[in-house]
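Every chain is numbered from 1, with letters handed out A, B, ... down the list of sequences. Keep in mind that the numbers below use all heavy atoms, side chains included, and drop hydrogens, waters and symmetry copies.
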There are 2 protein chains.
Amino acid sequence: MAKRRKVGNLMALAVLSALVQQPMHPYQMASVLREHGKDQNMKIKWGSLYTVVQNLEKHGLIEAAESLRQGGRPERTVYRITEAGRAELTDWVRELLSTPEQEQSRFTAALSVMAVLSPREAADLLSQRLIALDKALAARRSALAEAAREVPRLFLIEEEYELAVAEAEIGFVRGLLGELTSGTFPGLADWQAFSETGIVPPELAELMERGLHPQ
Amino acid sequence: MAKRRKVGNLMALAVLSALVQQPMHPYQMASVLREHGKDQNMKIKWGSLYTVVQNLEKHGLIEAAESLRQGGRPERTVYRITEAGRAELTDWVRELLSTPEQEQSRFTAALSVMAVLSPREAADLLSQRLIALDKALAARRSALAEAAREVPRLFLIEEEYELAVAEAEIGFVRGLLGELTSGTFPGLADWQAFSETGIVPPELAELMERGLHPQ
DNA sequence: TCTTGATTACTCGTTCACGAGTATACGCAT
DNA sequence: ATGCGTATACTCGTGAACGAGTAATCAAGA
C-alpha cells in the first residue's frame, strides 16, 4: 500500500535526486533537470517547482544552505538535502520500483469512449496516431543511441523503458487499425450502423442499460 | 498542439460520455462509471466529480434537466449533455486518439533515480515488481476474458490496450532483471563500487558535473 | 549610447483535486 | 418498535498545480 508521502509530487523526487549530487538553488535545479532530459517527459512547471521546494523544506527533507545575492537582485537560496531527505528519497524509490500501480493514460481514456465516433473516423485518427508514434519513436531511438555513446546505460534506463512501452503501443495501434480497415474487427457492422443511424442494435441496447439500474 | 480544454480533467470526459447515453445525476454517474469498470483505472474522487460537473455546467457543456427531491433530503439534480457538450466530447476524443502525448509514469521516475540504490537492492525490488505485475496481469487477463463473453470487444478495447502495455513492462523488467542478476549489465561494477563506497568512478564524475555548468 | 532581446530567477493569484466529513433514508435483525 | 449497519448523495476546507506575469541583468547590435 503506497504510503502517503509528505510531498507526493514526482517533481519532488527529481528535486531530491538533484540535491543528492550537490546543493543548489531552485533555478539551477531546473537547469540540471533540463540537461538531464527530464523536461522531455516532465515539462518544468515553475509554480510547482517553487511550491515543491518550499514543501520539502517545510517537512525537513531539504534545508537552506546559504542565501547569496550577487548582482542580480532576487536573492537565491541554495538548498541542500538533509538526512531525512536522503531517507525519504531511497524509501520512495524503493516503493516506486517494487510496487506497480496502474495509472490512467489519456489514450486509455480515449479508447474507452472511442465508440462515440464512427469506425471510419476512428481508424483515420488511429492511423494519424500511428504515423506520429512511429516518427517520435525513431527520433527518440536515435537520440538514445547518440546519448549512449557518452552516458552509461544506468542513466538512460528510463528512456529504454519508455521506448519499450512506446513500441508496445505502436504494436497495439497497428493491430487495431488492421482489424478496423480489413473489417475483421468483431461487431464492426453494428458499430457502423449505430454511428450512421444512431440506433443501438438490440443486443447492445440491453448491455447499455445494465449498470444503470435506475434509482 | 493540444488545445486548452475548458474542463481538462479526464473525469470530465467520462462524465460527458456517461451523459451521452442518458441524462442522470452525479451520484448515478459515479455508479455507471463504476459498473463500467472505470473505477479500476480511475478511482472515483468525490470532490473532483462534483467540481467537474459544476465546471461542465458553467461552460455550457451540460445543463440541469430537472431537480427531483423524493424521500431523501438532498435534492438531486439530473444533468443532460448539450449540443456544445457533444461537440466537445467528439472533438476531444478525436484529439486524444490522434495525438500521442507522452505522460510521465511513476515507474519511469523511479528508474531515473534507481542509481541511488545498490544494484543488489534494485534487482531485489524489481523482482518483487515482476511478481506483482505477473499476478496482476493474470488476474486482468481472466477478468477480460470473462467480460468478453457478454460485452462486445469495442467496449473492452481500452483494457486490451492496458494489457498490451503491461506485457511490455513485464518484458522490460524481466530483461533488466536478467542483466542485473547475471551481471551482464554494463557498468555494473562501477555502480556496485559507488553504492558501497560512495566514490564516483572518475569517468562518471566528469559526467555528473556536466549539465551543472555552475552559474 | 541606447535599445532590444535573451536569460535568469522568481512571485502571485487562480484554478483544480481531493478526501474526510455529514446527513438522511432504508432494510433487517432483535 | 427500535436500534444498527449500509447505501445514497452530497459539501466543504485544505492544499496542490499551475502559468502568466514581473523584474533585473547582460550582451550585442544600431
- Item | Residue met sooner reading DNA chain C from 5', once Tyr27(A) and Lys58(B) are mapped to nucleotides | Tyr27(A)
- Message: Please compare Thr51(A) and His59(B) by the position of their nearest nucleotide in DNA chain C and report the one closer to 5'.
- Response: Thr51(A)
Nucleotide [N], atom [atom2] - distance to [atom1] of [X] in whole Å:
{"X": "Arg5(A)", "N": "dG15(D)", "atom1": "CZ", "atom2": "C1'", "value": "19 Å"}
{"X": "Ile44(A)", "N": "dT7(C)", "atom1": "CD1", "atom2": "P", "value": "15 Å"}
{"X": "Leu49(B)", "N": "dC16(C)", "atom1": "CG", "atom2": "C1'", "value": "14 Å"}
{"X": "Gln54(B)", "N": "dC16(C)", "atom1": "CD", "atom2": "P", "value": "11 Å"}
{"X": "Met24(A)", "N": "dT8(C)", "atom1": "CE", "atom2": "P", "value": "15 Å"}
{"X": "Met29(B)", "N": "dC10(D)", "atom1": "CE", "atom2": "P", "value": "9 Å"}
{"X": "Gln28(A)", "N": "dT7(C)", "atom1": "CD", "atom2": "C1'", "value": "15 Å"}
{"X": "Lys6(A)", "N": "dG15(D)", "atom1": "NZ", "atom2": "P", "value": "15 Å"}

Does OP1 or OP2 of [N] have a side-chain N or O of [X] closer than 4.0 Å?
{"X": "His25(A)", "N": "dC10(C)", "result": "yes"}
{"X": "Asn9(A)", "N": "dA17(D)", "result": "yes"}
{"X": "Asn55(A)", "N": "dA16(D)", "result": "yes"}

- Item | Residue Tyr50(A), side-chain atoms from C-beta onward, closest of dT11(D), dC10(C), dA17(D) | dC10(C)
- Return the nearest nucleotide to the side chain of Lys45(B); candidates are dC16(C), dG19(C), dA17(D). dG19(C)
- Task: For Glu57(A), enumerate each residue passing the salt bridge (Lys or Arg N to Asp or Glu O under 4.0 Å) test, keeping only those at least two apart in sequence or located in another chain.
- Result: none
- Message: Check this for me: does any side-chain nitrogen of one of Glu167(A) and Arg141(A) sit under 4.0 Å from a carboxylate oxygen of the other?
- Response: yes
- Task: Indicate yes or no: does Arg129(A) engage Asp134(A) in a salt bridge with an N to O separation below 4.0 Å.
- Result: no
- Message: For Trp46(A) and Gly8(A), find the nucleotide of DNA chain D closest to each by heavy atoms; which residue's nucleotide sits nearer the 5' end?
- Response: Gly8(A)
- Message: Which label fits Tyr161(A) and Phe107(B): parallel for a plane angle under 30°, tilted from 30 to 60°, or perpendicular past 60°?
- Response: perpendicular
- Query: For Ser48(B), which residues count as a side-chain hydrogen bond (donor to acceptor under 3.5 Å, both in side chains) partner, sequence neighbours excluded?
  - Reply: none
